[in-house]
There are 2 protein chains.
Amino acid sequence: MAIQRALPADGDQPDRWEAQLRKGAVEMAALASLWQGRLYGLEIIRFLESQSQLALAEGTIYPILNRLKAEGMLTSEWVEAEAGHPRKYYSLTDAGRQRLRQMAEAWTSFSRGLSHLLESVLQQQEKIQ
Amino acid sequence: MAIQRALPADGDQPDRWEAQLRKGAVEMAALASLWQGRLYGLEIIRFLESQSQLALAEGTIYPILNRLKAEGMLTSEWVEAEAGHPRKYYSLTDAGRQRLRQMAEAWTSFSRGLSHLLESVLQQQEKIQ
DNA sequence: GCACTATACATAGTTATACGAGGTATGAAG
DNA sequence: CTTCATACCTCGTATAACTATGTATAGTGC
């Protein structure tokens, strides 16, 4: 985990979010995939791949899901499948929804800043041979 | 089992830009800061901070600059300052410019995918309270 | 001309992240 | 009962970013 250090209970610095975003965009994507309803592990991977070209490995997603669950951002429940094997479905908690909103805002701001930087670069695209 | 990339059709991507971008957005930002002309180390930090709210430490930027120089993405030259001390100015090479364009495109795609994911989340903003 | 300060460049060491490669468990099919 | 397919899980590793610190140069006060 990372987000807490020796910080006081509610002393979350907005500065930390930025730093976290640069790294934890994947964590945000995982939360976002659950926005419209519960999904199970492999389903999250497929969802993100189809919706955002974000290809995550199993070794990436499961640790993240466990971390998020430990932080109270989501819950899980085993569900028996008719044909197959039990699946662990994850759902957002209220805390998870709230955090996702904050991350989404911070991400948007961060992304906008970078896009601004890249404007000149991309404008030149038309001139490129 | 679990051979995730058993796709022969996919071929090999030039690089795993997506994966790199999630981490190396900072590297891209460093290249981007030099698009309009040469800057020296501390100047890059100040530029990024003012232009994109991206706050980088010296310990972050110098290793990146050295790495990029070693890869031929930029050149450096010492310049004597009237009042002060020599500064090491960095400039993009043609290779650096080309790479930055590729990264900018990949970033745009990646960013767009994530924004798409976050659409539903952000749309709910108005309903909150 | 010697400390003191400010600016600028540099790097060693720590931490955290994403991932690859393997392992476990369940049920279905042969 | 062996094999296959799906799904979950975890350890070890490479790498990236950051913290803290060190070095070098030059101007300022005495």
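By convention in this document, chain letters (A, B, ...) are assigned in the order of the sequence lines, proteins followed by strands, and residues within each chain are numbered from 1. Quick note: numbers below take in every heavy atom, side chains included, and nothing from hydrogens, waters or symmetry partners.
- OP1 or OP2 of D:dT6 has not a single side-chain nitrogen or oxygen of A:R46 nearer than 4.0 Å.
- Residues B:W107 and A:V121 form no side-chain contact, since every pair of their non-hydrogen atoms from C-beta on lies 4.5 Å or further apart.
- Counting only heavy atoms from C-beta on, B:R67 has its side chain closest to D:dA17 among C:dA10, D:dC8, D:dA17.
- The side chain of B:K88 lies closest to C:dA10 when the candidates are D:dC8, C:dA10, D:dT10.
- For B:Y62, the listed nucleotide lying nearest its side chain is C:dT11; candidates were D:dC18, C:dT11, D:dA7.
- With rounding to whole Å, B:I44 atom CD1 is found 18 Å from C:dT7 atom P.
- Minimum atom distance to the side chain of B:P86 is reached by D:dA26, of the listed C:dC9, D:dA26, D:dA7.
- Looking only at side-chain heavy atoms (C-beta outward), A:I61 and A:L42 stay at 4.5 Å or farther from each other.
- Here the rule is side chain to side chain donor-acceptor pair (under 3.5 Å) with B:S76, and of B:R87, B:K69, B:K88 only B:K69 fits it.
- Rounded to an integer number of Å, the gap from CD of B:E27 to C1' of D:dC18 is 16 Å.
- Heavy atoms of A:Y90 sit under 4.0 angstrom from primed sugar atoms or phosphate atoms, though from no base atom.
- Looking at A:E58, its side chain comes within 3.5 Å of the base of D:dC9 through a donor and an acceptor atom.
- Of all nucleotides listed (D:dC8, C:dT11, C:dA8), C:dT11 comes nearest to the side chain of B:P63.
- Two residues are said to be in side-chain contact when any heavy atoms from C-beta on lie closer than 4.5 Å; A:H116 and B:S52 fail this criterion.
- What separates OH of B:Y40 from C1' of C:dC9 is a distance of 12 Å, to the nearest Å.
- Residue-level contact check: B:G41 touches the backbone only, with heavy atoms under 4.0 Å from sugar-phosphate atoms and none from bases.
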**Message:** Pair B:R38, B:E43 - check salt bridge (Lys or Arg N to Asp or Glu O under 4.0 Å), show working.
**Reply:** CA-CA 10 Å; B:R38 71 179 191 183; B:E43 212 173 3; over 6 Å; no
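- Among the nucleotides D:dC8, D:dA26, C:dT11, the one closest to the side chain of A:R87 is D:dC8.
- Here D:dA24 presents its P atom at 16 Å from CD of B:E80, a figure rounded to the nearest Å.
- Summarising the geometry, the separation between CG on A:N66 and P on D:dA7 is reported as 18 Å, rounded to the nearest angstrom.
- One atom, CG of B:L42, and another, P of D:dA24, lie 18 Å apart when rounded to the nearest Å.
- Per the geometry, CD1 belonging to A:I61 stands 13 Å off P belonging to C:dG20, to the nearest Å.
- Whole-Å rounding puts the B:L48 CG to D:dC18 P distance at 12 Å.
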